[in-house]
Amino acid sequence: MIEITFPDGNKKKYDKHVTPEAIAQGISPSLKKRCVAAKVNDNLVDLNRPIEEDASLRLITKKDPEALDVLRHSTAHLMAEAIKQMYPDANFGVGPAIDEGFYYDVDFHDVTLSEDDLPAIEERMQSIVDQGGKITRSVISREETLELFKDDPYKLELIRDLPEDEAISIYRQDTFTDLCRGPHVPDVSWLKHFKLLSLAGAYWRGNSDNKQLTRIYGTAFFSEKDLNNHLHLLEERKKRDHRKLGKELDLFMLSEYGPGFPFWLPNGMIIRKEIEDYWYDVHEEEGYEFIQTPIMLNKDLWEVSGHWENYRENMYTSEIDDKAFAIKPMNCPGGMLAYNRKLHSYRDFPHRVGELGLVHRHEASGALNGLFRVRAFTQDDAHIFMTKDMIVDEVAKLIDLYDRVYKVFDLDYHIELSTRPDDKFIGEVSVWDASEKALEDAIVSMGKDYKVNPGDGAFYGPKLDFKLRDSMNRIWQCGTIQLDMNLPERFDLTYIDHDGSKQRPVMLHRALFGSIERFIGILIEHYAGAFPTWLAPVQVEVIPVNLDLHSDYAKEIIGLLKEQDVRAESDFREEKLGYKIREAQTKKIPYQIVIGDNELEAGTVTYRKYGEKKQITVPAATFVSMIKEEIDTKQ
RNA sequence: GCUCCCAUAGUUUAACGGUAGAACGCAGCAAUGGUAAUGCUGAAAUUCAAGUUCGAUUCUUGGUGGGAGCACCA
């Protein structure tokens with residue numbers, strides 16, 4: 001007999017070799033039906049895997065997050081089986097479950113697959129499912145495995161990399177056998193709701209020196225409904241694509257004359273200026289000073305900063321008067337020069353210096369993507385100089401600031417702490433430990449949760465990253481707070497301490513939006529182009545019912561709004577009311593006002609808010625103060 | 001940078017290797033209106049370079065740009 005401990009702490013005796021499936025069945029047949037896999041001593045295993053000794057057991061049902069991974073991994077195998085049947089020469093790389101689905105990397109050799117081939121593979125997958133079949137696991141010897149996969153070069157490579165003493169498991173279903181750690185669903189009949197989505201090249205083992213395989217992406221769910229919801233989400237993301245909306249709303253453009261160098265158009269400029277003004281306001285309140293450093297500086301400076309050595313391939317260079325210059329890829333070196341222009345006292349710390357700095361980086365052509373990845377962008381940078389014992393308070397203050405600003409944009413976030421890399425780092429381990437502790441203390445003091453990424457810090461210091469979640473469930477890294485132990489040394493930064501001695505300040509880099517360009521790209525998709533009133537390029541569209549009778553009153557209303565700096569417009573073309581209303585809607589203007597005889601006589605306006613159906617008539621002055629309030633509070 | 005895919009008026013798009021067609025937008029004319037498209041008329045396009053062909057938007061090669069990924073991303 002062995003003893004099984006359940007998640008609620010209950011213990012129960014079972015015969016040796018009992019399977020999780022049998023245990024589930026014993027509890028209730030309906031539970032067994034919902035079970036996908038099990039966690040035995042925290043290892044995810046198949047339901048029919050016998051348990052040999054005392055263990056803790058957690059049954060994984062369809063509701064558990066791990067269950068989707070199992071399902072999707074099994075669907076990847078199903079896809080591989082279908083592909084093997086259709087393309088017998090295909091060789092397989094790896095085929096894991098990922099966040100929203102799965103993929104499998106396949107070497108089709110001389111065959112080039114296109115997206116048009118995916119439906120046929122899907123059909124084959126479906127017919128395999130229709131035939132039904134168990135998925136079974138077996139453990140075989142290394143020699144047997146090597147023999148079994150002798151025609152699969154990628155699998156052989158994976159097998160050779162497995163530790164000598166590790167048991168090698170394979171999974172079989174019907175005609176298909178794959179090297180796999182598992183676990184899998186017990187039966188292919190579980191795999192009903194899947195969809196193949198796209199394909200693209202992917203380097204074998206993620207190394208650009210290796211051959212490129214064809215990666216096929218797909219997704220799978222337990223129910224038709226979940227699958228459809230996910231497909232709708234993907235469609236909605238496509239609809240909100242900032243490149244599409246940016247064109248429709250005339251916010252920005254890209255030209256083939258400047259790949260990766262965005263142009264800001266009048267509408268986009270309004271949004272950008274609002275955000276920058278807000279940034280200056282809020283930082284001024286927080287005690288920041290502002291600078292702007294040159295875009296181009298002598299190569300000697302980049303040698304001091306280390307960029308010439310470490311970042312050269314991403315820098316644009318030029319010559320001035322026979323001297324080598326580089327366009328800045330980061331703002332910090334210029335900021336260091338500004339700091340060093342004079343002596344600093346501990347009394348002036350923390351010394352906070354902000355810069356909306358335009359940087360240029362030569363990104364690989366294939367990396368460019370709308371406003372998300374560009375070659376020229378504005379960092380909302382700041383450098384803060386202080387003493388060691390100020391770190392906790394200052395970082396806490398920053399977290400509070402970030403928290404407030406992200407709320408304004410209705411963006412959730414979580415914090416990740418990246419710590420000292422294992423090998424490549426500068427400075428003393430004890431200093432690193434203290435710095436990491438300071439960052440942690442700051443987070444804790446603000447009552448925030450965080451996740452640790454061990455070894456993910458930059459070589460020059462630990463950092464906090466702020467990962468935003470948008471309305472389409474995507475994660476974006478925007479904010480960052482990084483301690484820097486490198487540049488203060490390289491630029492020999494100092495301050496005068498109490499006792500008159502020269503000391504080295506602590507410095508941190510921080511950005512709230514990261515890149516203004518990218519942040520606006522995120523906002524476009526987050527809001528689906530329907531910006532909150534304070535950001536909207538046009539805030540009010542005034543529509544007269546009859547041009548002859550109501551134009552003057554329309555102009556009067558616009559005058560009232562403009563007096564309060566509300567961006568109001570009217571279209572005095574000879575078009576029908578319905579036409580103008582439709583246009584205001586397609587432009588996603590927050591407020592449309594219709595005025596006719598009724599409004600003219602009563603001195604009122606009839607407004608409708610974007611996204612709502614109801615029409616409300618109020619005195620003109622009431623409307624003005626209402627919208628003014630909404631704009632001022634950035635609702 | 002790599003693999004695959006794509007490139008037609010300002011925008012979205014149609015055209016077996018044989019006259020480039022539409023919708024929106026723009027301009028002109030008429031219609032004067034109450035919550036998502038009034039009608040008529042007009043101007044407006046084959047990404048660039050080479051090749052195959054009697055003839056190329058269509059086929060081939062290359063350039064440029066874009067997309068999906070990969071790699072990259074202090």
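Owing to the predicted nature of the structure, the values given are computational and were not obtained by experimental measurement. First the proteins, then the strands, lettered A, B, ... as listed; each starts at 1.
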Per [X] side chain, nearest of listed nucleotides [options]:
X       : options                   : answer
I581(A) : rA36(B), rU64(B), rG66(B) : rA36(B)
M330(A) : rG34(B), rA74(B), rU32(B) : rA74(B)
P259(A) : rU38(B), rA68(B), rG65(B) : rG65(B)
D597(A) : rU35(B), rG34(B), rU64(B) : rG34(B)
S208(A) : rA71(B), rG34(B), rA36(B) : rA71(B)
R608(A) : rG34(B), rG69(B), rA36(B) : rA36(B)
V545(A) : rC70(B), rG1(B), rG33(B)  : rG33(B)
K613(A) : rA68(B), rA36(B), rC2(B)  : rA36(B)
E363(A) : rC72(B), rA36(B), rG34(B) : rC72(B)
K247(A) : rA36(B), rU35(B), rU11(B) : rU11(B)

Do [X] and [Y] sit within salt-bridge range, that is, some charged N less than 4.0 Å from a carboxylate O?
X       : Y       : answer
K609(A) : E630(A) : yes
E100(A) : R72(A)  : no
K587(A) : E541(A) : no
D381(A) : R510(A) : no

In this structure, are over 12 heavy atoms from other groups packed under 6.0 Å from [X] atom [atom1]?
X       : atom1 : value
N207(A) : CG    : yes
D99(A)  : CG    : no
E612(A) : CD    : yes

Without decimals, in angstroms, what is the distance between [X] [atom1] and [N] [atom2]?
X       : N       : atom1 : atom2 : result
D241(A) : rG66(B) : CG    : P     : 14 Å
K576(A) : rA30(B) : NZ    : C1'   : 14 Å
I543(A) : rU32(B) : CD1   : C1'   : 16 Å
E599(A) : rU35(B) : CD    : P     : 11 Å
D548(A) : rU32(B) : CG    : P     : 11 Å
K587(A) : rU11(B) : NZ    : P     : 17 Å
N546(A) : rU32(B) : CG    : P     : 10 Å
H360(A) : rC73(B) : NE2   : P     : 21 Å

Inset, instruction - Would you indicate what E583(A) reaches in the nucleic acid, counting non-hydrogen atoms under 4.0 angstrom: base, sugar-phosphate, or nothing? - result: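 It contacts nothing in the nucleic acid.
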
Inset, instruction - Under 4.0 Å between any heavy atoms, over every strand shown, what does E248(A) touch: base, sugar-phosphate, or nothing? Just pick one. - result: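 It contacts nothing in the nucleic acid.
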
Separation of the [atom1] atoms in [N] and [M], to the nearest angstrom:
N       : M       : atom1 : result
rC40(B) : rA31(B) : P     : 16 Å
rU41(B) : rA36(B) : C1'   : 26 Å
rA7(B)  : rU60(B) : P     : 12 Å
rU58(B) : rA15(B) : C1'   : 9 Å
rU52(B) : rA14(B) : P     : 31 Å
rU12(B) : rU8(B)  : P     : 8 Å
rG42(B) : rA50(B) : C1'   : 37 Å

Side-chain donor/acceptor contact of [X] with base of [N] under 3.5 Å:
X       : N       : result
Q585(A) : rU35(B) : no
Y203(A) : rG1(B)  : yes
H307(A) : rA74(B) : yes
E574(A) : rU32(B) : yes

Inset, instruction - Could you pick out which residue, G306(A) or L577(A), lies toward the 5' side of RNA chain B when each is mapped onto its nearest nucleotide? - result: L577(A)

Legend entry - Whichever of R361(A) and Q615(A) has its nearest RNA chain B nucleotide further upstream toward 5':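 Result: Q615(A).
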
Inset, instruction - To the nearest 0.5 Å, tell me how far R240(A) CZ sits from E235(A) CD. - result: 13.0 Å

Inset, instruction - To the nearest 0.5 Å, tell me how far K451(A) NZ sits from D465(A) CG. - result: 10.5 Å

Legend entry - Residue-phosphate contact under 4.0 Å: R243(A) side-chain N/O, rG66(B) OP1/OP2: no

Legend entry - Contact under 4.0 Å: N369(A) side-chain N or O vs rA68(B) OP1/OP2: yes

Please write out the pairs of protein N or O atoms and N or O atoms of nucleotides 6-10 of chain B separated by less than 3.5 Å, giving the distance to one decimal.
none

Inset, instruction - Begin with the C-alpha distance, continue with both residues' side-chain angles, and end with the deciding distance and a verdict on ring-ring contact (aromatic ring centres under 6.0 Å, His included) for F377(A) and H360(A). - result: CA-CA 7 Å; F377(A) 59 98; H360(A) 290 69; 8.8 Å; no

Legend entry - Polar side chain donor-acceptor pair, Q539(A) to E569(A), under 3.5 angstrom: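 No, E569(A) and Q539(A) have no side-chain donor paired with an acceptor closer than 3.5 Å.
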
Legend entry - H550(A) and D597(A) side chains, donor-acceptor separation under 3.5 Å: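 Yes, because at least one side-chain N or O of D597(A) sits under 3.5 Å from a partner of the opposite role on H550(A).
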
Legend entry - Positive for side-chain hydrogen bond (donor to acceptor under 3.5 Å, both in side chains) with Y154(A), one of D107(A), N91(A), N210(A): D107(A)

Produce the list of close N/O pairs, under 3.5 Å, pairing protein atoms with atoms of nucleotides 3-5 of chain B; give distances to one decimal.
{"from": "rU3(B)", "atom 1": "O4'", "to": "Q212(A)", "atom 2": "OE1", "distance (Å)": "2.3"}
{"from": "rU3(B)", "atom 1": "N1", "to": "Q212(A)", "atom 2": "OE1", "distance (Å)": "3.4"}
{"from": "rU3(B)", "atom 1": "O2", "to": "G201(A)", "atom 2": "N", "distance (Å)": "3.2"}

Inset, instruction - Identify which one of Y413(A), F519(A), W476(A) satisfies the ring pair (Phe, Tyr, Trp, His ring centres under 6.0 Å) criterion when paired with F466(A). - result: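 It is Y413(A); the other options fail the test.
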
Inset, instruction - Let me have RNA chain B in dot-bracket notation, would you? Count Watson-Crick plus G-U wobble pairs, both distances under 3.5 Å, and use [ ] for pairs crossing earlier ones and | for inter-strand partners. - result: (((((((..((((....[..)))).(((((.......)))))....(((((..]....))))))))))))....

